[in-house]
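Chain naming here is simple, since letters A, B, ... match the order of the sequence lines and numbering starts at 1 in each.
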2 protein chains.
Amino acid sequence: MRRPAPPLHRDDPKKEPLVGHVKVTREDWLNVARDILVSDGEAEVKVLTISTRLEVSRSSFYWYFKSHKHLLDALLDEWENWNTRLIREHCELPAPTITAAVCNFFRCFIDPARFDQGLDFAVREWARRDGKVRARIDRADSARLKDIAAMFARFDYSADEADARARILYFQQLGYHALEQTEALEDRMARLPHYLLGFTGRAHTGDECDALNDFARAVLAPPQE
Amino acid sequence: MRRPAPPLHRDDPKKEPLVGHVKVTREDWLNVARDILVSDGEAEVKVLTISTRLEVSRSSFYWYFKSHKHLLDALLDEWENWNTRLIREHCELPAPTITAAVCNFFRCFIDPARFDQGLDFAVREWARRDGKVRARIDRADSARLKDIAAMFARFDYSADEADARARILYFQQLGYHALEQTEALEDRMARLPHYLLGFTGRAHTGDECDALNDFARAVLAPPQE
DNA sequence: ACCTGTCTATACAAAAGTGTCCAATACTGT
DNA sequence: ACAGTATTGGACACTTTTGTATAGACAGGT
């Protein structure tokens, strides 16, 4: 049914003879794919779009990646390894006080060369329509919370207290929206000690606006009785 | 080039004769489309998907909507009218004090039957890859901020102070992520008075963790000098 | 000069999605 | 029951996108 392709000739003399043409690598495909993922979302990560931006033929893609799905998997691997490892490293930095340690944690997010917030949010959005991605997000969140809790535990907070403060810090960083999308995390937030609930934004029933007063105090101060 | 379709017969006796078959309306198409928009994002709002869920033929769609694009436009109109009007109405509710008025504002978001946060975020995500949607989001944000500022102004805050507090309240409600996606709003946040910047999360450079202490005080208290 | 492995281009196939046409069907009023 | 209108289904055309087959181009070693 399928005829063999006719012989091909590079018969367009106007076309650059590839002199000085920088070779496209697997990394290039990944980088452009990641850019599109962050700026336009997973649905826009298309083989044709990337190949056009790289100015190579679409089919070259299949030399580097088995399929479109394998590219997306590679992006996910990259994201999970990089972002989660960065948080762990920042949490493990030596610090004289818990306040200094929390500041180290913040620095991880402030420097765009470190933690890639855009990528993290893009993956979170992706997870909304893909259960497997959601599972990886949840796993990554668990790992990160564990690392942050370990940071508090180094300064003699009890396991429970360290855990609660880790959730608050992480939530504050991700913002309300990320939490909305991550049911597993949301469930954990719902079980926070009552006196720490105020500034999570969940306790704003109208009578408790004042509860927001306690952000830094609640995170850094010793536990109440 | 196109042959006329052969005559058709409903020749499958197993098929329900549509007795008791509730007629599908334009509203039904819109409702399912909105559900998919909220749960899976704009890219998944497809004619075939909706028609399958409604258990009608795909082509029936074109009786109610001129095209796929017209459906998306209708969803956008719905969103803009409903959510923005709700915020205005809550801001205009009579209240004895500014604290009570802010609590009214919060109620709008707490009750899921009122403001549809999921829809708002879905539209914000959509806006990331569509300039026209972004323009409508920005217009809606401006209108909402104006309404919130008017609420503060009713309690004798100056125009500038009312405006600053409106931005803080609205930002707190949308969360960090929504702000990230809305350049116009972000630009306005950057021009807030310095003494109100602390708890926006933008000032966490490490030395200023304590600045978060002032949430309710900054929003509700009289201006500092 | 020739071979070999690596990368790229063209052609083809197939699937999914949108939009159009028209006949079939359901509903409404008489 | 009948006619006319509103709504739906089936076939088709077109586009976008993924995936496959195979030949061409190129660089380095022999």
Exercise. How close or far is atom C1' of dT8(C) from atom CZ of F65(A), stated in whole angstroms?
Worked result: 16 Å

Exercise. Can E80(B) and R85(B) be counted as an ion pair, charged N to O under 4.0 angstrom?
Worked result: no

For this session: Taking the side chain as every heavy atom from C-beta outward, state whether E92(A) and M151(A) have any pair of such atoms under 4.5 Å apart.
Result: no

For this session: Check whether any side-chain N or O of S57(B) sits under 4.0 Å from OP1 or OP2 of dG10(D), and answer yes or no.
Result: no

Exercise. Between S59(A) and dG19(D), is there a side-chain N or O to OP1/OP2 distance below 4.0 Å?
Worked result: no

Problem set entry | For the student: nearest non-hydrogen atoms of I50(B) and L71(B), plus distance | CD1-CD2, 3.8 Å

Exercise. Rounded to whole angstrom units, what separation is found between the CD atom of E55(A) and the C1' atom of dA9(C)?
Worked result: 15 Å

Problem set entry | Atom pair distance, as rounded to whole Å: CH2 in W63(B) and C1' in dT25(C) | 15 Å

Seminar exercise, completed: Sorted by position of nearest nucleotide on DNA chain D, 5' first, the leading residue of K66(A) and K46(A) is K46(A)

For this session: Look at the side-chain N and O atoms of Y64(A) and state whether any lies under 4.0 Å from the OP1 or OP2 oxygen of dT8(C).
Result: yes

Exercise. Over how many whole Å does the gap from E42(A) atom CD to dT18(D) atom C1' extend?
Worked result: 14 Å

For this session: Taking only the side-chain heavy atoms of S60(B) (C-beta and beyond), determine which of dT18(D), dT8(D), dA9(C) contains the nearest atom.
Result: dT8(D)

Exercise. Of the nucleotides dA11(D), dT18(D), dG9(D), which has the atom closest to the V56(B) side chain?
Worked result: dG9(D)

Exercise. Taking CD1 from I50(B) and C1' from dT8(D), how many angstroms apart are they, rounded to a whole number?
Worked result: 16 Å

Exercise. Hey, does Y62(A) reach any base, or is it just sugar-phosphate, or nothing, if we go heavy atoms under 4.0 Å?
Worked result: base

Exercise. Pick from R134(B), R124(B), R136(B): which one makes a salt bridge (charged side-chain N to carboxylate O under 4.0 Å, His left out) with D141(B)?
Worked result: R124(B)

Exercise. Which pair of heavy atoms, one from A127(A) and one from I137(A), lies closest together, and at what distance?
Worked result: CB-CG1, 4.0 Å

Problem set entry | Spacing between H68(B) atom NE2 and dA16(C) atom C1', to the nearest angstrom | 13 Å

Problem set entry | Check: dG19(D) base within 3.5 Å donor-acceptor of R58(A) side chain | yes

For this session: In whole angstrom, give the distance that lies between atom NZ of K69(A) and atom P of dA15(C).
Result: 20 Å

